[in-house]
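Here is the structure we will look at.
All ligand and atom numbering here is 1-based and tracks the order in the structure. Along the sequence shown, residues are numbered consecutively beginning with 1.
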Amino acid sequence: MASDSAPTPLTSLTREQLKEALSTIGQPSYRSDQIIRWLYQRGASSYDQMTDLPKSLREQLAEIHPLQAPSMVDRQISSDGTRKYLLSFSDGALVETVGIPSRDNRLTVCFSTQVGCPMGCVFCATGYEGFTRNLSCGEILQQLTLVQDDFGQRITNLVAMGQGEPFLNFDAVAEALAIANSKKGLNIGARKITVSTCGIISGIQKFAEIDKQYTMAVSLHAARQSVRDLIMPHAASQPLAKLKQALIDYLEATNRRVTIEYTLIDGMNDSDKDLSALLSFLSGLLCHVNLIPLNKVEDSPFQPSHDGIIERWLEAITARGVEASVRHSKGQDIFGACGQLKNHRR
Ligand code: SAH
Ligand code: SF4
């Protein structure tokens with residue numbers, strides 16, 4: 001690295017880069033596993049904690065690859081036990097992360113992949129915020145260790161459904177998932193990991209190449225092009241016909257069932273026409289449909305669909321032989337539910 005450039009933080013390095021960095025300074029490759037364990041199994045926030053590394057190495061690493069841990073700026077606890085954290089990274093970037101406990105001792109973490117989001121979906125609080133930057137692989141994982149420490153409980157499930165579009169930060173997300181899944185990392189089962197995308201086709205193609213049983217969820221929200229263009233303006237470059245073909249190719253390549261997410265918004269995407277368009281989009285797709293009642297977003301004109309609509313849609317979809325369920329978000333009283341996350345203080 002040129003001496004006049006800022007040192008690369010430890011958490012921005014992939015496992016390969018970390019190994020290379022260690023070998024450059026004459027260290028054996030097992031040091032990389034030691035560091036990964038300290039970082040992501042034990043949530044170390046400084047090199048001083050890594051007591052099985054020689055002190056001189058810790059000092060050297062602190063200089064060339066500083067370890068920067070996020071600070072918890074705020075934590076809110078919902079009446080249903082969900083906890084929402086506002087975290088600040090060393091450059092002041094703020095993201096929200098949500099920990100969702102359940103009775104059977106599960107702990108699900110909903111994490112962010114970007115600071116803000118460039119996609120601008122009109123019903124989503126993150127969409128209003130605009131985009132600041134991508135998170136590094138380590139910054140994604142630090143959210144997880146922080147939640148794990150706060151609950152004092154192992155994470156069992158992961159969902160990339162916080163702020164940001166994961167497939168616009170593909171490499172960092174893929175590396176973070178690999179470490180989260182690895183026995184040397186957080187040891188979370190691949191089947192317990194879900195990534196939600198607004199339908200970035202190149203990302204779907206790359207995700208298909210990952211040989212892991214991760215689940216991919218696609219935020220469809222409209223199966224009529226004109227409606228989708230209106231509510232997900234930046235997804236217009238990923239047209240529905242191409243999206244469907246990408247899903248068919250994905251299914252063929254992976255044999256992994258996809259989840260289709262559809263948030264019902266009153267008067268926007270919940271008419272009979274929208275339902276028939278959805279049914280025809282679903283035909284020939286091995287998928288599970290999640291119908292999501294719209295969560296309230298401050299200052300947004302959009303309202304959830306009227307009572308009864310979700311049930312009617314559920315019936316119509318299951319009548320076609322497609323599995324469907326309603327996803328009720330937790331943590332609504334602390335604005336920690338889907339689409340309610342934004343990167344500023346209360
Ligand atoms: N960018 C990715 C992942 C983050 S959003 C994506 O769009 O898929 C996680 C989920 O919350 C997505 O399905 C998103 O469409 C949904 N969502 C956004 N705003 C919402 C709202 N106000 N109510 C309910 N769900 C919402
Ligand atoms: Fe971004 Fe997803 Fe929100 Fe759309 S719904 S603005 S893609 S976070």
query = Between Phe207 and Phe170, what is the ring plane arrangement, given parallel below 30°, perpendicular above 60°, and tilted in between?
reply = perpendicular
Whether Tyr262 and Trp313 hold their rings parallel, tilted or perpendicular, with breakpoints at 30° and 60° = tilted
Is [X] close to ligand 1, meaning an N/O of one under 3.5 Å from an N/O of the other?
X      : result
Gly164 : yes
His221 : yes
Pro166 : no

inquiry  = With the threshold set at under 4.0 angstrom, would you say Gly164 reaches ligand 2 through any of its heavy atoms?
reply    = yes
remark   = Check: of Pro293, Ala160, Ser219, min heavy-atom distance to atom 7 (O) of ligand 1 comes from Ser219
Relative to ligand 1, is [X] under 4.0 angstrom through side chain, backbone, both or neither, heavy atoms considered?
X      : result
Val297 : side chain
Thr263 : side chain
Glu261 : side chain

Atom pair CZ (Arg133) and CD (Gln114), whose distance is rounded to the nearest 0.5 Å = 11.0 Å
request  = Give, for atom CG of Leu278 and atom CG of Asp274, the distance between the pair rounded to the nearest 0.5 Å.
outcome  = 9.0 Å
query = Has the side chain of Gln41 got a donor or acceptor atom that lies under 3.5 Å from a matching backbone atom of Lys183?
reply = yes
Taking atom 4 (Fe) of ligand 2 as the reference point, the nearest protein heavy atom with its distance = Cys121 SG, 2.4 Å
message = Please list the nearest protein heavy atom to atom 3 (Fe) of ligand 2 with its residue and the distance rounded to 0.1 Å.
response = Cys124 SG, 2.4 Å
request  = Output, in order, the C-alpha distance, side-chain angles, deciding distance and verdict of side-chain contact (heavy atoms from CB on, under 4.5 Å) for Arg312 and Glu315.
outcome  = CA-CA 5 Å; Arg312 204 154 59 75; Glu315 239 170 65; 5.7 Å; no
query = Looking at atom 3 (Fe) of ligand 2, is one of the N, O or S atoms of Cys198 less than 2.8 Å from it?
reply = no
Please list, in number order, the atoms of ligand 2 under 4.0 Å from a heavy atom of [X].
X      : value
Cys117 : 1 (Fe), 6 (S), 7 (S), 8 (S)
Met119 : 1 (Fe), 7 (S)
Gly127 : 6 (S)

ask   = Within a reach of under 6.0 Å around CG of Asp211, are more than 12 heavy atoms found that belong to other residues, nucleotides or ligands?
value = no
Which of the ligand 1 atoms, numbered from 1, are nearer than 4.0 Å to a heavy atom of [X]:
X      : value
Thr197 : 6 (C), 8 (O)
Leu294 : 21 (C), 22 (N), 23 (N)
Gly162 : 4 (C)

ask   = Between Ser219 and Glu261, does a side chain to side chain donor-acceptor pair (under 3.5 Å) hold up when you go through it step by step?
value = CA-CA 5 Å; Ser219 294; Glu261 298 162 286; 3.2 Å; yes
request  = Indicate yes or no: does Asp249 engage Lys242 in a salt bridge with an N to O separation below 4.0 Å.
outcome  = no
request  = Assess the side chains of Gln34 and Arg37: does a donor N or O sit below 3.5 Å from an acceptor N or O?
outcome  = no
inquiry  = Let me check something: do Phe131 and Phe167 share a hydrophobic cluster, defined by ILVMFWY side-chain heavy atoms less than 4.5 Å apart, either directly or through other members?
reply    = no
